[in-house]
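Every chain is numbered from 1, with letters handed out A, B, ... down the list of sequences. Just so you know, these numbers use all the heavy atoms, side chains as well, and skip hydrogens, waters and symmetry mates.
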Number of protein chains: 2
Amino acid sequence: MTGEADEALLDIGEVARRSGLAPSALRFYERKGLIEPAARNGLRRAYRPETLDRLAMIGCARDAGFTLAEIGAFLGARPSDTTVRERMAAKEREVDARVRQLTRLRDSLRHAAVCDHDPLVECPDFKRAIRNVSVPDDAPMATS
Amino acid sequence: MTGEADEALLDIGEVARRSGLAPSALRFYERKGLIEPAARNGLRRAYRPETLDRLAMIGCARDAGFTLAEIGAFLGARPSDTTVRERMAAKEREVDARVRQLTRLRDSLRHAAVCDHDPLVECPDFKRAIRNVSVPDDAPMATS
DNA sequence: ATGCGACTTGAACCGCGGTTCAAGTCAAGC
DNA sequence: GCTTGACTTGAACCGCGGTTCAAGTCGCAT
C-alpha cells in the first residue's frame, strides 16, 4: 500500500499559505470547478500537493487576463480536444493583438511623459498616438 | 456672435450612434466625471462634437486596461501636474511589464497549440513556460 | 388634444472575482 | 467538560463597468 498517504495531504489553510490565495478564494475556485480536494477529513478539505502547481498555473492564467471560465476549459484540455486547442490558438492571436495594442499605448504614454501640452490630452501628437492604440493593426485608419 | 452655436451640438442619441457607446454608458461616464454635456435643451443633454474625440480617447484607455477612475485623472492632466505625470510614467512601466508578460504567455500558448501531452496542462514544457509568465522579468526564478 | 418617439431620472439588476459574516462542526489541550 | 482554534456552510456584500426598467418630460405631427 501507499501507507500514510493522507499524511501527504494539505489542509486548506496550508494551501492558502503556500499559494498566497485566501481560503475563500480556494473554495470559490472549487465552486467554479477549477480545483478539487482529494479527500475530506470529516468536513475539512484535504488537498494533494500537486494542487499547488495547478493553482500556480491558474494564477498565471488569471494574471494574464483569462477568465476563470476559460481557465477551467483549458485545465481539462486533452490533445485530442480540438475545440479547446482552437480556443487556445484563438487566445494566442488575441494575446498577440493585445501585446501590439499595449505596445502602442506604452509609446503614447512615453510621449505624454515628456509632452508640454495643456491639458496633456490636447497634445496633437498624443491624440494621434492614442488614436492608433485601438486600431487592430491592419484596419483602415480613422481619418475623420 | 457665434451665431447658431447650439446647432452644432449633438443629442445623446447622436453621440451614442457615432461613438458606438450606449446612451446609458454616456450617462454613466458623466456620473463618473469623464464627460459633460455643453448644455441642456430642457432636460436633454447637448454635447459638443469634441466630446466624440474625448470618448475615442476614453475608449482607447479603457480598452487598454485603465480603470475609469484612472482615465478621469488623466483627462484633467496639465503639464504642471507632476503627480499625474508620475502616474502616467508609472502606468507606462506597468504597461511595459504587461507587454512582456503577455509576450511570454503568447509563446506558451503557441507551444500548447503543437504539444501532444495529455492532459495538455501536464506538459513539462508548457508548465515551465507558463510558470515564467508571471515572473516579473528580473525576479529570482521559482525552482521549487 | 392626442399620441409618438426620443429623451430624462433613480433604482434595481447583471457578471466577474472574490471577501465577509454568522452560525455550526470538529479535534486537541487543559 | 469546556474552551480554543481551524475549519465548514450558505448568504450577503463589495467594486467595477455598465444595462435594464418604470415612470416621467419633452417637442412635434396628426
Interatomic distance, B:D11 CG vs C:dG5 P [rounded to whole Å]: 16 Å
Looking only at C:dT20, C:dG18, D:dT8, the nucleotide nearest the A:I12 side chain is D:dT8
According to a strict under-4.0 Å criterion, is B:Y29 in side-chain N/O contact with OP1 or OP2 of D:dG17? no
Nucleotide nearest B:R40 (side chain, heavy atoms from C-beta), chosen from C:dT9, D:dT19, D:dC7: C:dT9
Is there a side chain to side chain contact (heavy atoms under 4.5 Å, CB included) between B:L10 and B:T51? Walk through the geometry before answering. CA-CA 9 Å; B:L10 307 171; B:T51 303; over 6 Å; no
Basic-acidic side-chain contact under 4.0 Å: B:E30, B:R45: yes
On DNA chain C, compare the nucleotides closest to A:R31 and B:E14; which residue's is nearer the 5' end? B:E14
Donor + acceptor pair across side chains of A:Q101, A:R98 (<3.5 Å): yes
Donor-acceptor pair, B:R54 side chain versus B:L34 backbone, under 3.5 Å? yes
Any side-chain N or O of B:R45 less than 4.0 Å from the OP1 or OP2 oxygen of C:dC7? no
Report the nucleotide, chosen from D:dT8, C:dT19, D:dG18, that has the shortest atom-to-atom distance to any side-chain atom of B:R62. D:dG18
Sidechain-backbone polar pair: B:R40 side chain, B:L43 backbone, donor-acceptor under 3.5 Å: yes
Flag the pair B:E94 and B:K91 as a salt bridge only when some basic side-chain nitrogen lies within less than 4.0 angstrom of an acidic carboxylate oxygen. yes
When every nucleotide of nucleotides 21-26 of chain C is labelled 5' to 3' by its protein contacts under 4.0 Å (heavy atoms), B for base, S for sugar-phosphate only, - for none, what sequence of letters results? ------
